[in-house]
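The structure appears right after this line, and notes come after that.
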Amino acid sequence: MTATAPPPAPGTETRARASAQAAPAPRRTKQGRTPKAFYWMVVPAVVIFFGLHTIPVITGMFFSLTNYAGYGTWSFVGLSNYLNLFRDDRVIASYLFTFGFAIVSTIAVNVISLAIALGLNSRIKFRTAFRGIFFIPYVLAILIIGYVFNYLFANSFPAILQTIGIEGTNILADPQWAWVGIVITTVWQACAFNVILYLAGLQTIPGELYEAAGIDGASSWRQFRSITFPLIGAYFTINMVLSFKSFLQVFDQIVALTAGGPGTSTESIALVIFRGGFQGGEYGYQMANAVMYLVVIIVVSFIQLRFLQRREASF
């Protein structure tokens with residue numbers, strides 16, 4: 001015999017139905033609504049950025065339309081500061097030097113960094129230790145590195161050349177070769193960051209692709225040209241754009257190595273703006289130069305980014 005459940009007490013179903021109707025419905029949250037806490041975390045950063053960046057930029061653009069010397073009275077001169085930039089031989093020479101330096105340094109940094117990254121990505125002993133060693137230059141301040149290389153170019157390198165019977169001189173004192181010392185110093189320091197980015201890209205490539213290519217008889221150069229380089233195209237684009245933009249703003253290493261000399265042969269755009277604006281009483285004029293400089297960097301970076309992204313799609 002099976003036991004049957006006792007019938008419910010009279011009024012039980014009625015009370016349960018009434019309690020269910022009386023219970024409040026759960027509150028529904030609006031989908032996609034951002035909590036207010038996130039706004040309170042963003043607002044301080046926006047205020048600081050606006051106060052320390054946006055307002056000074058707008059103020060500088062305003063003074064670029066004046067003859068303000070950095071002190072005293074001033075008056076509006078319109079676009080005459082911008083027009084005078086194209087007639088200033090010193091400004092034109094600084095632009096030519098800066099762009100030449102940036103092009104040479106960008107190519108050298110990316111070629112050397114990619115070669116180092118390929119070596120550090122292979123199966124070699126003490127690979128982790130070598131990665132840490134190659135990253136050390138990026139930790140050091142570029143101004144300190146510049147003073148160290150200044151001493152090396154002025155004293156150590158000429159002495160080393162003399163020991164092997166070669167007459168060595170300080171290349172930083174030669175107007176024709178001083179830029180080479182700046183390039184060497186910059187490339188040595190900048191390679192560290194680019195190596196890290198290239199290593200990150202190389203580690204995203206599946207090893208099965210190299211195994212299949214090896215079975216098909218592809219050489220190392222063929223594997224690099226057909227597998228490695230196309231698959232790290234995005235990292236190559238990032239490195240090229242960031243490197244070129246950074247080298248167009250070169251300042252610290254020039255101050256430490258040559259201070260713009262000999263003469264004005266190694267004056268960069270940033271150094272001309274600094275000297276003329278803060279030391280030469282040309283605040284309004286050099287602010288116009290700075291605005292023009294900003295526009296040039298934005299346009300060049302945009303063109304470079306679009307060109308390299310199209311090259312990625314062509315692979």
Side-chain angles (χ1 to χ4, degrees), residues 32 34 38 41-42 45 49 99 101-142 145 183-250 252-253 297-315:
T34 305
F38 290 100
M41 288 187 288
V42 172
F49 180 83
F99 270 87
F101 165 82
I103 292 172
V104 174
S105 299
T106 300
I107 295 174
V109 162
N110 282 275
V111 171
I112 296 174
S113 298
L114 183 55
I116 294 175
L118 289 172
L120 295 178
N121 194 53
S122 60
R123 299 178 180 178
I124 59 176
K125 294 182 178 179
F126 310 110
R127 181 172 57 180
T128 304
F130 281 122
R131 290 179 180 179
I133 292 173
F134 278 102
F135 190 71
I136 290 177
Y138 186 72
V139 179
L140 303 175
I142 184 62
I145 294 175
V183 169
I184 293 174
T185 305
T186 303
V187 170
W188 184 85
Q189 193 269 344
C191 278
F193 180 74
N194 292 41
V195 167
I196 295 299
L197 290 183
Y198 279 128
L199 272 175
L202 291 172
Q203 292 177 0
T204 62
I205 303 177
E208 294 80 4
L209 296 178
Y210 295 106
E211 295 177 1
I215 294 174
D216 292 339
S219 62
S220 299
W221 170 247
R222 177 69 177 181
Q223 293 179 18
F224 172 80
R225 186 165 57 90
S226 301
I227 299 176
T228 304
F229 194 70
L231 292 181
I232 62 171
Y235 296 87
F236 177 76
T237 299
I238 293 174
N239 273 335
M240 289 291 291
V241 173
L242 293 181
S243 298
F244 195 70
K245 180 187 74 66
S246 176
F247 295 148
L248 283 178
Q249 304 175 42
V250 58
D252 292 347
Q253 48 268 60
I297 291 178
I298 293 175
V299 172
V300 170
S301 299
F302 178 76
I303 295 174
Q304 187 183 16
L305 185 62
R306 291 295 298 273
F307 174 77
L308 292 175
Q309 286 179 340
R310 290 181 181 177
R311 186 198 61 82
E312 292 178 27
S314 64
F315 279 109

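Side-chain atoms are counted along with the backbone in the values below, which use heavy atoms only and exclude waters and symmetry mates.
Counting only N and O atoms by type, the side chains of Q253 and T186 include a donor and acceptor under 3.5 Å apart. For the residue pair S243 / N194, a side-chain donor-acceptor distance below 3.5 Å is found, with atom types taken as modelled.
Screening N110, V109, T106 against N239 for a side chain to side chain contact (heavy atoms under 4.5 Å, CB included) leaves a single residue, N110. Put simply, the residue from L114, L120, L118 that forms a side chain to side chain contact (heavy atoms under 4.5 Å, CB included) with V195 is L120.
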* Asked: Taking it one step at a time, do F38 and M41 satisfy side chain to side chain contact (heavy atoms under 4.5 Å, CB included)?
  -> CA-CA 5 Å; F38 290 100; M41 288 187 288; 3.6 Å; yes
* Residue pair I103, F247: steps toward the side chain to side chain contact (heavy atoms under 4.5 Å, CB included) verdict -> CA-CA 8 Å; I103 292 172; F247 295 148; over 6 Å; no
* To do: May I have the step-by-step check of side chain to side chain contact (heavy atoms under 4.5 Å, CB included) for Q249 and I297, ending in yes or no?
  => CA-CA 9 Å; Q249 304 175 42; I297 291 178; 3.9 Å; yes
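From Y235, atom OH reaches atom CG of L199 across 11.0 Å, with rounding to the nearest 0.5 Å. Remark: L140 CG to F135 CZ distance equals 10.5 Å, nearest 0.5 Å. Once rounded to the nearest 0.5 Å, the distance linking CZ of F134 with OG of S113 reads 10.0 Å. Annotation: the span from D252 atom CG to I142 atom CD1 amounts to 7.0 Å, rounded to 0.5 Å.
Looking at R131 and N121, their side chains come closer than 4.5 Å, going by heavy atoms from C-beta outward.
The side chain to side chain donor-acceptor pair (under 3.5 Å) pairs that include a residue from residues 201-218 are Y210-T228, where partners are two or more places apart or lie in different chains.
Ring geometry for Y138 against F193 counts as parallel: the plane angle stays under 30°, on a 0 to 90° scale with 60° as the upper cut.
Here the closest non-hydrogen pair linking M240 and L308 is CB-CD1, 3.6 Å. Taking every heavy atom of both residues into account, A117 and Y198 meet most closely at CB-CB, 3.6 Å. Closest heavy-atom contact between Q304 and V241: OE1-CA, 3.6 Å. Contact detail for A213 and Q223: the closest heavy-atom pair is CB-CG, 3.9 Å. A pairwise comparison of heavy atoms in I145 and P137 identifies CD1-O, 3.6 Å as the closest pair.
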